[in-house]
There are 2 protein chains.
Amino acid sequence: MKGHDHAHHKEDLAERLKQAHLSITPSRLAILELLHESHRVWSIEQLIEALKRRPKALKGSLVFTTIYRCLLKLEEAKMVRRVDFGDGVSRFEFDTGEGHHHHHIVCTQCNAIEALEDCHIKEIEKNVKKLGYQNISHRMEFFGLCKGCS
Amino acid sequence: MKGHDHAHHKEDLAERLKQAHLSITPSRLAILELLHESHRVWSIEQLIEALKRRPKALKGSLVFTTIYRCLLKLEEAKMVRRVDFGDGVSRFEFDTGEGHHHHHIVCTQCNAIEALEDCHIKEIEKNVKKLGYQNISHRMEFFGLCKGCS
DNA sequence: ATTTTTTTGCAAATCATTTGCATTTATTTT
DNA sequence: AAAATAAATGCAAATGATTTGCAAAAAAAT
């Protein structure tokens with residue numbers, strides 16, 4: 001069952017790459033699989049470490065630039081979303097591409113990151129619209145001391 | 001009247017520096033005056049340009065590092081707030097230090113920045129609290145096409 | 001199977017930010 | 001007010017993440 005699921009996902013991911021007119025490469029599939037399975041954000045360095053440790057590691061060496069460029073392409077294709085906590089490091093997470101979006105809470109002590117599945121900021125968006133803006137998007141991240149650290 | 005007001009502000013700002021145990025220097029006063037008068041955010045480069053053009057320019061040359069370190073100190077002292085739009089450039093604005101806070105909307109085309117004076121995100125904060133977090137803060141910025149650009 | 005296009009790997013360039021240190025300026029002490 | 005102490009400034013160089021150039025390799029199209 002699990003094996004079948006994985007195969008299914010892999011095909012799906014390859015299909016989405018094809019639809020986005022992106023070549024299907026081992027790096028891209030590996031990144032997408034990892035992001036898809038793990039519901040979390042990854043810095044590029046973290047991704048490289050995790051991919052190295054994988055059972056089915058990539059044959060080629062895992063190079064920063066390669067992962068970086070894969071992520072750029074996947075971001076363009078809306079398969080990956082970039083998350084920025086203002087600490088100078090870009091992080092990435094899987095993007096279902098179905099309009100869902102969420103925010104995060106970052107522990108100011110241990111830097112643990114947790115997803116917040118809700119986003120109730122319609123009021124503010126309304127006001128922004130009143131100001132005459134279009135195609136409004138927003139970034140919102142929370143910072144605080146998590147249970148373990150307080 | 002205006003002159004008197006300015007003098008008043010200058011004294012206030014010097015007083016706040018004193019209270020924060022920071023030396024009162026021309027650079028710091030000039031930065032604070034500019035930030036206080038202008039209700040907007042400034043990158044360091046923008047600050048340097050603006051300070052150069054001032055009627056009462058600083059005697060010493062305006063050096064990036066100096067402005068940078070001033071802003072760091074002023075941020076610590078909560079007289080200045082740093083704003084991050086995720087474009088790799090830090091910006092700064094005056095901070096009254098009275099608990100007010102606001103967000104911004106950035107035009108995705110012309111990069112114009114406007115302040116949003118309201119912040120209705122109590123619901124989300126409640127949920128974050130339920131998760132066990134303390135000292136919760138957040139970052140939120142909006143992006144969209146402004147009137148002039150759409 | 002061959003050509004064409006895209007991706008990868010490595011090195012080097014960028015760009016904003018940060019740090020080191022000698023000099024200057026501000027504050028404190030005498 | 002002058003001397004001593006502490007802090008800030010200016011310049012150069014270091015840092016660190018990101019981005020780019022280009023030749024080699026891999027994938028897609030013919």
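All values derive from a computational prediction rather than experimental measurement. The analysis underlying the following values was restricted to heavy atoms, covering all of them including side chains, and did not include hydrogens, waters or symmetry mates. Lettering follows sequence order; numbering is per chain, from 1.
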- Specify the separation, in whole Å, of atom CZ of B:Phe64 and atom P of D:dA13. 18 Å
- Note on the structure: 5'-most contact on DNA chain C (nearest-nucleotide basis), B:Leu22 vs B:Glu45, goes to B:Glu45
- Task: Looking only at side-chain atoms of B:Thr66, point me to the closest of C:dA26, D:dG10, D:dA17.
- Result: D:dG10
- Task: Check the distance between D:dA7's P and B:Lys73's NZ and give it to me in whole angstrom.
- Result: 8 Å
- Query: Do A:Ile44 and A:Val89 sit in the same hydrophobic cluster, where Ile, Leu, Val, Met, Phe, Trp and Tyr count as joined when their side-chain heavy atoms come under 4.5 Å apart?
  - Reply: no
- Query: Are OP1 or OP2 of C:dT7 and a side-chain N or O of A:Ser27 less than 4.0 angstrom apart?
  - Reply: no
- Item | Donor-acceptor under 3.5 Å (A:Arg28 side chain, A:Ser23 main chain) | yes
- Query: How many Å lie between CG on B:Asp84 and P on C:dA16, as a whole number?
  - Reply: 14 Å
- From the options A:His36, A:Arg81, A:His39, A:Arg82, select the one residue that forms a side chain to side chain donor-acceptor pair (under 3.5 Å) with A:Glu93. A:Arg81
- Task: Look up atom CG in B:Leu17 and atom NZ in B:Lys73, then write down how far apart they are to the nearest 0.5 Å.
- Result: 11.5 Å
- Item | Summary of salt bridge (charged side-chain N to carboxylate O under 4.0 Å, His left out) pairs that have at least one residue in residues 39-51 of chain A, sequence neighbours excluded | A:Glu49-A:Lys52, A:Glu49-A:Arg53
- Query: Rounded to whole angstrom units, what separation is found between the CD1 atom of B:Ile24 and the C1' atom of C:dA26?
  - Reply: 9 Å
All N/O contacts under 3.5 Å from nucleotides 21-26 of chain D to the protein, with atom names and distances to one decimal?
residue, atom, partner, partner atom, Å
D:dG21, O6, A:Arg69, NH2, 2.7

